[in-house]
Structure formats: C-alpha cells, structure tokens
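Worksheet: one structure, shown below.
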Number of protein chains: 2
Amino acid sequence: MSAPIRYYYDLMSQPSRALFIIFRLSNMPFEDCVVALRNGEHLTEDFKKEINRFQRVPCIHDNGYKLAESVAILRYLSAKGKIPEHLYPKYFVDQSRVDEFLEWQHMSLRLTCAMYFRTVWLEPLLTGRTPTEAKIETFRMHMERNLDVVEEVWLEGKDFLTGSHLTVADIFAACEIEQTRMADYDVRIKYPKIRAWLKRVRQSCNPYYDVAHEFVYKISGTGPQAKL
Amino acid sequence: MSAPIRYYYDLMSQPSRALFIIFRLSNMPFEDCVVALRNGEHLTEDFKKEINRFQRVPCIHDNGYKLAESVAILRYLSAKGKIPEHLYPKYFVDQSRVDEFLEWQHMSLRLTCAMYFRTVWLEPLLTGRTPTEAKIETFRMHMERNLDVVEEVWLEGKDFLTGSHLTVADIFAACEIEQTRMADYDVRIKYPKIRAWLKRVRQSCNPYYDVAHEFVYKISGTGPQAKL
C-alpha cells in the first residue's frame with residue numbers, strides 16, 4: 001500500500017477548507033500538514049523549494065509528486081479514484097457542468113468575495129487603517145453582482161448549483177461565500193435562495209463543514225446556527 | 001454525422017483567441033458564430049436566453065448542449081476526442097500539470113494582465129480620462145509579479161510551461177500576455193525567457209496564431225515580427 005497523500009493546508013484559506021471537506025466526505029486518508037499562513041510559514045525559501053514552488057496552500061505531495069491549485073488537485077485525485085462520482089461526476093457531460101462552475105468562480109465569485117473580505121477585514125487588521133465607506137461600497141457592489149448570478153442563474157430552479165444533488169461545485173462556492181461572514185457580511189439577507197442552499201450544503205457536508213469553518217464562526221462571532 | 005460545434009467568440013477576447021487557435025490546430029470543424037462584443041451583442045436578453053446565460057464569450061453549443069468557460073469547454077471537447085493528446089494530455093498525471101497551469105492563471109496572470117490592459121487602454125478609450133502614473137505603476141507591479149513567476153518558475157529549465165512541448169497551457173498563457181501589447185507593454189524587454197518562449201509558441205501555432213492576433217497586432221501598431 002502506498003503512503004497517504006500529504007495535504008498541506010490552512011483552514012484560514014477558502015480552497016483549503018473546500019478540499020478538507022471534500023477529502024473527509026470522500027473518506028480519503030491524508031497526512032495532515034498544516035501550514036500557518038499567519039506566521040508566514042509559506043514564505044520561506046525552504047517551503048518554495050520543498051513544498052510548493054508557488055508558495056501557497058492548498059497543495060499536495062503524492063508519493064513525491066507535487067501538485068498545487070485546488071481544482072487541479074481535485075481532478076487528479078478523482079482520476080485516481082479517490083473522490084466518489086456523486087461529488088465529481090465521471091461522465092464527461094455531467095463533469096463539464098461542474099467544471100463550468102469551477103472555472104467560472106475564479107474571476108467572479110471567488111475574486112470579488114475575497115476582495116471584499118480583504119478590504120473590510122484583513123487590510124484594516126494589517127494596516128490599522130479603516131477603509132472609506134465609498135471603497136467598501138464599490139467592493140460590495142462587485143461582490144453582489146456575482147452573488148446575483150449565483151442566486152438568479154446558478155440556483156435557478158435547482159437545489160444545488162449544478163443539479164439536484166451536492167457536488168464539489170457547491171462546496172467550493174460555499175467556502176468562498178462563508179468567508180464574507182468574517183467581514184460581517186450576511187449574504188442571507190438579500191439572497192433567499194443562497195440562504196436555503198447554504199443550509200443544504202452545510203447539512204450535506206456535516207460534521208466536516210462545521211469543523212472546517214470553526215475559525216470562521218469564531219471570528220465572525222456567529223455560531224453556525226446564528227444566521228442559518 | 002452530427003452537426004459541428006457552434007463556437008461563439010470574438011477575437012478581441014483572450015480566451016476566445018486561445019480556443020480558436022486550439023480548434024484550428026486540432027483540425028476540429030466548427031460553425032463560426034462571431035459575437036461583436038464592441039456592439040454589446042452579448043448583452044441582450046435574447047443572447048442570455050438563447051446563447052449563454054452568463055452573457056460572455058467564448059461559449060459553445062454542441063447539438064443543443066450549451067457550455068461556457070474556456071477551460072471547461074476544452075476539457076469537454078478533449079473527452080469527446082476532438083483535441084489531440086499532445087495538446088491536452090489524457091494520462092492523468094500529465095494532465096494534472098497542464099490543469100495546474102490552467103487553474104493558476106485565472107487569479108494571477110490572467111487577472112493582472114487584463115487589469116493592466118483595462119487601466120491603460122480600455123478605460124481611457126471608454127471614459128476619455130487618462131490614468132495617473134501612480135495607478136499605472138500599481139497595476140504594472142501586480143502584473144510583473146506574475147510575469148516573474150512565468151519567467152522564473154513556469155519556464156525554469158523548460159522550453160514550454162509544462163514540459164518540452166507545446167500544450168494548451170502555453171496557448172492560453174500567450175493569449176493573455178499578447179493582450180498587453182495593446183496597452184503598449186513590451187514583455188520582451190524584461191523577460192528573456194518569455195520572449196524566447198513566445199516565439200516558440202507562435203511558431204508552433206502558426207498560421208493560426210497570427211490570424212487570431214491580427215487585431216492585436218493592428219491596434220498595437222506592431223507586426224508579429226516587430227517585437228519578436
């Protein structure tokens with residue numbers, strides 16, 4: 001038997017949380033390699049040379065093979081038979097619908113949720129400076145333009161983003177959206193479909209969803225129940 | 001025999017150019033469905049309903065099946081046997097290295113090249129206002145941080161991004177980088193490896209590379225030879 005995958009991650013990172021939930025749901029054993037981003041553990045020359053040349057998480061080592069980028073990792077492990085078909089379809093037409101979301105998210109949902117989080121929560125923490133209301137408003141507008149697409153297009157007439165059951169697309173999306181709680185944004189107010197969908201995603205992924213989001217719940221001062 | 005794929009694209013869009021080159025190199029017949037972004041043809045309700053619910057290009061219709069997102073389209077057509085293996089590997093380990101690039105690009109190379117292009121070329125054209133030197137400098141810095149990664153990490157010891165021969169990763173990357181010419185940025189000055197690699201990509205993809213970039217060459221006032 002080969003050694004388990006070494007999984008390098010930090011639950012502070014959205015795609016790290018997504019893969020963590022996916023691995024647990026898949027009953028895939030992995031060697032726990034936590035990287036403390038807050039201590040800059042990913043910024044050393046050693047990390048670059050030995051762990052990940054891009055100096056980011058998540059990444060994996062599979063018996064010496066080093067791979068970065070959460071979506072690439074997911075596909076690689078799916079090809080190895082480690083991810084069940086209901087989470088990431090093998091039939092290429094169904095797979096393409098999940099891929100469509102995984103590719104769409106980067107420059108839309110992920111980018112704008114992350115920028116909002118950074119502007120409202122992270123930068124003030126790092127610099128001590130409060131952003132102007134106008135700046136927050138701009139970033140909120142960009143983010144809500146994409147939340148609108150999730151509410152009106154992706155969730156149109158469906159319980160989950162790509163159909164009637166949970167796939168990895170839902171897990172990646174939920175982890176990006178939950179991040180905005182830390183910046184005190186409550187997506188559930190304006191978006192009833194997202195609200196109900198997030199509930200379904202959490203139920204389908206628990207207990208791992210709550211484990212992955214423990215820090216998010218703590219920082220945002222909201223238990224998982226508080227806003228659901 | 002089934003009808004050819006309907007390909008909706010505009011050669012003004014970087015991923016549209018990438019897929020155009022890939023389809024031509026693959027000898028894949030397609031029905032030419034040009035969408036004039038400059039005339040807002042993608043913004044109509046009809047386009048949203050009939051062509052692409054996200055109102056963007058590129059996208060395809062395959063015998064009624066509608067799919068968006070260039071990377072998802074590529075993977076779907078590869079699964080259908082339309083893309084040769086040397087351009088997008090079938091063996092999952094080799095494929096994962098190409099996927100790693102395709103996923104990496106979105107929030108790094110693609111985002112920052114596009115933002116530079118938008119700031120320096122597109123916004124002044126649309127608004128009549130010239131950006132400040134400080135703003136241009138900020139966006140140039142973000143872009144060059146990622147060009148550094150292409151030069152020093154992706155092209156380290158290799159002729160192409162993921163190995164010794166051309167794959168779709170190189171084509172997607174080159175189309176993003178060529179776009180910056182229109183904003184009068186010459187990537188070849190600071191980056192000798194990118195300069196030599198772009199030459200190789202163009203040679204491997206011609207005559208389709210030049211066809212796809214005709215408009216870019218024209219706007220930038222540089223023939224393909226001028227800077228290579």
Side-chain angles (χ1 to χ4, degrees), chain A residues 14-15 48-49 52-56 58-60 62-82 89-112 114-115 146 148-150 152-154 156 162 169 172, chain B residues 14-15 48-49 52-56 58-60 62-82 89-112 114-115 146 148-150 152-154 156 162 169 172:
Chain A
Q14 305 91 294
K48 185 176 181 175
K49 206 174 148 205
N52 178 5
R53 55 191 175 150
F54 305 111
Q55 299 190 277
R56 305 202 292 200
C59 64
I60 60 164
D62 181 14
N63 215 2
Y65 182 65
K66 298 175 186 176
L67 189 64
E69 292 298 324
S70 53
V71 176
I73 292 168
L74 165 84
R75 288 178 181 146
Y76 170 86
L77 293 172
S78 162
K80 287 194 79 166
K82 306 281 188 191
K90 289 210 186 300
Y91 175 52
F92 78 102
V93 179
D94 296 342
Q95 189 177 97
S96 72
R97 196 56 82 208
V98 178
D99 283 349
E100 188 182 50
F101 179 83
L102 296 177
E103 299 304 321
W104 175 81
Q105 62 160 349
H106 292 289
M107 299 259 292
S108 52
L109 185 69
R110 173 161 165 65
L111 174 67
T112 58
M115 287 303 290
N146 290 294
D148 288 348
V149 178
V150 174
E152 292 160 19
V153 181
W154 286 106
E156 193 200 0
T162 60
F172 275 98
Chain B
Q14 305 90 295
K48 186 175 180 176
K49 206 174 149 207
N52 179 6
R53 56 190 175 151
F54 305 112
Q55 300 191 275
R56 304 202 293 199
C59 65
I60 61 165
D62 181 15
N63 215 2
Y65 182 65
K66 298 174 186 177
L67 189 64
E69 291 299 325
S70 53
V71 176
I73 292 168
L74 165 85
R75 289 175 51 85
Y76 170 85
L77 293 172
S78 161
K80 286 195 80 165
K82 306 280 188 192
K90 289 210 185 301
Y91 176 53
F92 78 103
V93 180
D94 296 342
Q95 189 176 98
S96 72
R97 195 56 83 207
V98 176
D99 282 349
E100 188 183 50
F101 179 83
L102 296 177
E103 299 305 320
W104 176 81
Q105 63 160 349
H106 293 288
M107 299 259 291
S108 53
L109 186 68
R110 172 160 164 67
L111 174 67
T112 58
M115 289 302 291
N146 289 294
D148 288 347
V149 178
V150 174
E152 291 159 22
V153 180
W154 285 107
E156 194 200 1
T162 60
F172 275 97

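Within every chain, numbering begins at 1; the chains are lettered A, B, ... in the order of the sequence lines, protein sequences first and strands thereafter.
When every heavy atom of E103(B) is checked against every heavy atom of H106(A), the shortest pair comes out as OE1-NE2, 2.7 Å. For E100(A) against A68(B), the heavy-atom pair with the smallest separation is OE2-N, 2.7 Å. Minimum interatomic distance between R97(B) and Y65(A) (heavy atoms only, all atoms of both residues): NH2-CE1, 3.2 Å.
For chain B, the nearby parts of V153(A) are the backbone and the side chain; heavy atoms of each come within less than 4.5 Å. Proximity to chain A involves both the backbone and the side chain of V93(B), based on heavy atoms less than 4.5 angstrom apart. With a 4.5 Å cut-off on non-hydrogen atoms, F54(A) touches chain B through its side chain but not through its backbone.
Taking K80(B) as the reference, D62(B) meet the salt bridge (Lys or Arg N to Asp or Glu O under 4.0 Å) condition, with sequence neighbours excluded.
Screening L74(B), I73(B), L67(B) for a side chain to side chain contact (heavy atoms under 4.5 Å, CB included) involving S96(A) leaves a single residue, L67(B).
Once rounded to the nearest 0.5 Å, the distance linking CE of M107(B) with CD of Q105(A) reads 9.0 Å.
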Next item on the list: Determine, step by step, whether D99(A) and Y76(B) satisfy the side-chain contact (heavy atoms from CB on, under 4.5 Å) criterion, reporting the C-alpha distance in whole Å, the side-chain angles of both residues, the deciding distance to 0.1 Å, and the verdict.
Entry: CA-CA 9 Å; D99(A) 283 349; Y76(B) 170 85; over 6 Å; no
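A donor-acceptor contact closer than 3.5 angstrom links the side chains of R75(B) and Q95(A).
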